[in-house]
Amino acid sequence: MSNTLRIAPANETKKATLKDTVNEHGLHDTLRYGPRTLASQHNNRSAIQNRLENWEQTQDDLKLNLYRNVYGLHAPVRLMMERKLVSQNPHFPALPQSNVHLDVLMGRDTTLDVSDFFGGGDPGPAFVDIHRDMEKARNIR
Amino acid sequence: MSKAGFDFSNVIRNGFLEAKGIPLPKATSTGTTIVGCLFADGVVLGADTRATSGPIVADKNCEKIHFISENIRCCGAGTAADTEFTTAMISSNMELHALSTGRKPRVVTAMTMLKQLLFRYQGNIGAALVLGGVDDTGPNLFTVAPHGSTDKLPYVTMGSGSLAAMAIFETEWVAGLSRDAAIALVSKAVQAGIFNDLGSGSNVDVCIITKDRTDMLRNFLRPNEKVEKERRYKFARGTTDWKKDREIV
């Protein structure tokens, strides 16, 4: 969480990481995610993609930084504490989750976004790899 | 988790194709004439009814005046899918907002939601909108451009026929028009767009919004009815021989 009062996300510093696609040997998982070249990963990210992916996070940072400047450090700390408490979910993590309490705290309970009515057409298989999903959710691997 | 919204999984492939000399197909933007003006008791919105796909008329009688709430309507120019989807989403959000605040929705709320959405997408959602309605603060008329900028004006036009329609407004609009004079002016402006712009055509839709009621006059004028053919081209029974008669049950 940065300390600036940005309204729109900054131009990203491009980086190529293995974090999302690593398999158990520590290499890029070609079988699951397809071939990978460093050049294509680095060069072909559009500005609009970065903007859309980071939009909500940037708006949230702006709000919390303003609260910090106006009310003091305790205000954003309390808000984030409440969110963390509400996000602890003992249920099976690999299944799709919905958290109404978190939506209310984040102010999303009276708005509809694109993901609420698009994207549900063909859900695909429920689990591709249960073990992998659980390991990811529990931060084991 | 499948993410809805813009999908970027083909960006690398498209970049590769463009480097090889194959450009992206252009998203066709529909020509349109949409207008709005304030009058004594409220707002009048007008639109033509032609939807084009390149040089071809895709829909001769489409509806460009979209519902936002009971007292607010929005005309849409630009990419047809973008205007439909954007206005439908804002309409749903306005309903939820009205339910949670317990008040009649205001036009500025819809305008703010629209401009924040379009600014976030940096013009990639091609929707140029004329938003008008009457709420507790009085009649309001706004225009929202695809990149998210807005104007609050007493008379507005958008779309490819906007210049023709604006010429009519600039000549004849005065403050405090009566209801019939405003309807006549708006139809005249839309007809200017229909007859002088290739991207606009067919019929004129008019919507009158006042404090107490909203009247949607669909196909208020039909200046482009198809002319009846002068000769009959039907063949009389018995013109051709039939060889076999079989009943299929």
Side-chain angles (χ1 to χ4, degrees), chain A residues 7-9 11-12 14 16 20 33-59 62 93-99 103-104 107-128 133 136-137, chain B residues 1-20 24 27 68-69 81-103 105 109-110 112-127 146-149:
Chain A
I7 300 177
N11 293 331
E12 60 174 336
K14 295 186 189 175
D20 303 318
Y33 297 106
R36 167 186 186 257
T37 64
L38 281 178
S40 69
Q41 257 199 326
H42 188 266
N43 292 333
N44 288 356
R45 282 199 46 109
S46 49
I48 183 81
Q49 182 177 5
N50 175 56
R51 186 183 174 93
L52 291 178
E53 282 173 2
N54 295 328
W55 186 263
E56 269 118 24
Q57 180 65 34
T58 313
Q59 296 295 312
L62 170 67
L95 286 170
Q97 318 254 295
S98 84
N99 197 337
D103 284 344
V104 170
R108 292 193 292 250
D109 61 326
T110 53
T111 56
L112 287 170
D113 198 10
V114 179
S115 48
D116 292 318
F117 43 87
F118 282 146
D122 188 8
F127 303 110
V128 177
D133 290 337
K136 227 181 185 162
Chain B
M1 185 183 85
S2 69
K3 298 194 69 137
F6 278 27
D7 183 8
F8 293 99
S9 46
N10 281 333
V11 167
I12 298 178
R13 180 204 76 169
N14 292 346
F16 173 75
L17 287 175
E18 270 191 77
K20 293 288 179 192
L24 270 181
I68 302 275
S69 80
D82 287 343
T83 61
E84 293 252 8
F85 144 76
T86 306
T87 50
M89 191 163 101
I90 297 305
S91 170
S92 306
N93 279 320
M94 288 287 284
E95 177 69 19
L96 286 177
H97 187 260
L99 287 169
S100 98
T101 58
R103 293 176 168 80
T109 314
T112 308
M113 289 181 184
L114 282 167
K115 81 151 61 178
Q116 286 177 351
L117 176 74
L118 293 177
F119 179 70
R120 181 167 22 138
Y121 282 86
Q122 268 189 320
N124 284 293
I125 294 186
H147 279 263
S149 59

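Protein chains get the first letters and strands the later ones, always in sequence-line order, with residue 1 at the start of each.
Atom CG of B:N10 is surrounded by more than 12 heavy atoms from other residues, nucleotides or ligands within 6.0 Å. The environment of A:R108 atom CZ is dense: over 12 non-hydrogen atoms of other residues, nucleotides or ligands sit within 6.0 angstrom.
Between A:I48 and B:R120, the closest heavy-atom pair is CD1-O, 4.1 Å.
Checking side-chain atoms of A:R51 against main-chain N and O of B:Y121 turns up no donor-acceptor pair under 3.5 Å.
In this structure, chain B has no heavy atom under 4.5 Å from any part of A:Q59.
Note: A:L112 CG to B:M94 CE = 13.5 Å, rounded to the nearest 0.5 Å. Separating the OG1 atom in A:T111 from the NE2 atom in B:H97 is a distance of 10.5 Å, to the nearest 0.5 Å.
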Candidate pair A:V114 and B:F85, rule side-chain contact (heavy atoms from CB on, under 4.5 Å), full reasoning: CA-CA 10 Å; A:V114 179; B:F85 144 76; 3.8 Å; yes

